[in-house]
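Worksheet for the structure shown next.
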Amino acid sequence: MTTRTGGCRCGNIRYDCSSDPMAVSFCYCHDCQKASGGPFCNYAVVPVEAVTITKGQTQGYAVEAASGNTVSREFCGDCGSPLFARNQNVFVLTVGSLDDASGIPPTIAIWLDSAQPWAPIPDNVERFRENPPITLDE
Ligand SMILES: [Zn+2]
Ligand SMILES: [Zn+2]
């Protein structure tokens with residue numbers, strides 16, 4: 001078990017994560033495209049209890065995802081960096097918010113049915129047209 005640290009761009013929000021990710025996704029759903037401003041979101045799936053915010057407080061908003069579930073997305077209100085997303089089943093953190101994400105390459109690519117035709121998809125990941133069976137129920 002590794003404790004990783006992370007935070008937003010401006011440094012007003014910091015967190016610790018005490019668990020290795022259960023999965024690391026590239027999600028190409030329309031919602032993630034809007035939320036990231038790019039062709040996908042890169043998320044690490046971790047147990048919600050593994051994350052402790054050590055500085056600051058996130059802001060958030062809730063949206064209804066393609067599945068009909070409500071997804072809450074949390075970000076820094078000062079610099080706007082996306083940090084966390086959650087629904088009733090799954091908690092994820094943005095891989096780019098980690099101080100060192102070198103050890104956690106993507107393992108799954110999801111919502112490929114919504115991907116832009118030019119979006120890059122990593123090799124050697126499990127691919128799903130929509131949600132994978134167990135996690136990332138967006
Ligand atoms: Zn910030
Ligand atoms: Zn998504």
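Atoms within a ligand are numbered from 1 in the order they appear, just like the ligands themselves. Computed over heavy atoms, backbone and side chain alike; hydrogens, waters and symmetry mates excluded.
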Q: Not counting sequence neighbours, list each pair that qualifies as a side-chain hydrogen bond (donor to acceptor under 3.5 Å, both in side chains) and has a residue in residues 116-126.
A: Q33-Q116
Q) Salt bridge check: are D20 and R4 linked by an N-O gap of less than 4.0 Å? A) yes
Q: Keeping waters out of it, list the protein N, O or S atoms under 2.8 Å from the Zn ion (ligand 1).
A: C8 SG, C10 SG, C76 SG, C79 SG
(Q) Rounding to 10°, state the angle centred on the Zn ion (ligand 2) that links SG in C32 with SG in C29. (A) 110°
Which donor-acceptor pairs under 3.5 Å do side chains of residues 44-57 form with protein atoms, sequence neighbours excluded?
residue: T54; atom: OG1; partner: R14; partner atom: O; Å: 3.2
residue: K55; atom: NZ; partner: G11; partner atom: O; Å: 2.9

Q.
Under a 3.5 Å distance rule, please check whether S36 uses its side chain to pair with a backbone N or O of C41 as donor and acceptor.
A. no
Q | Main-chain N/O of G96 paired with T94 side-chain donor or acceptor, under 3.5 Å | A | no
Q | Remaining members of the apolar cluster that contains L112, side-chain heavy atoms under 4.5 Å | A | F26, Y28, F40, I121
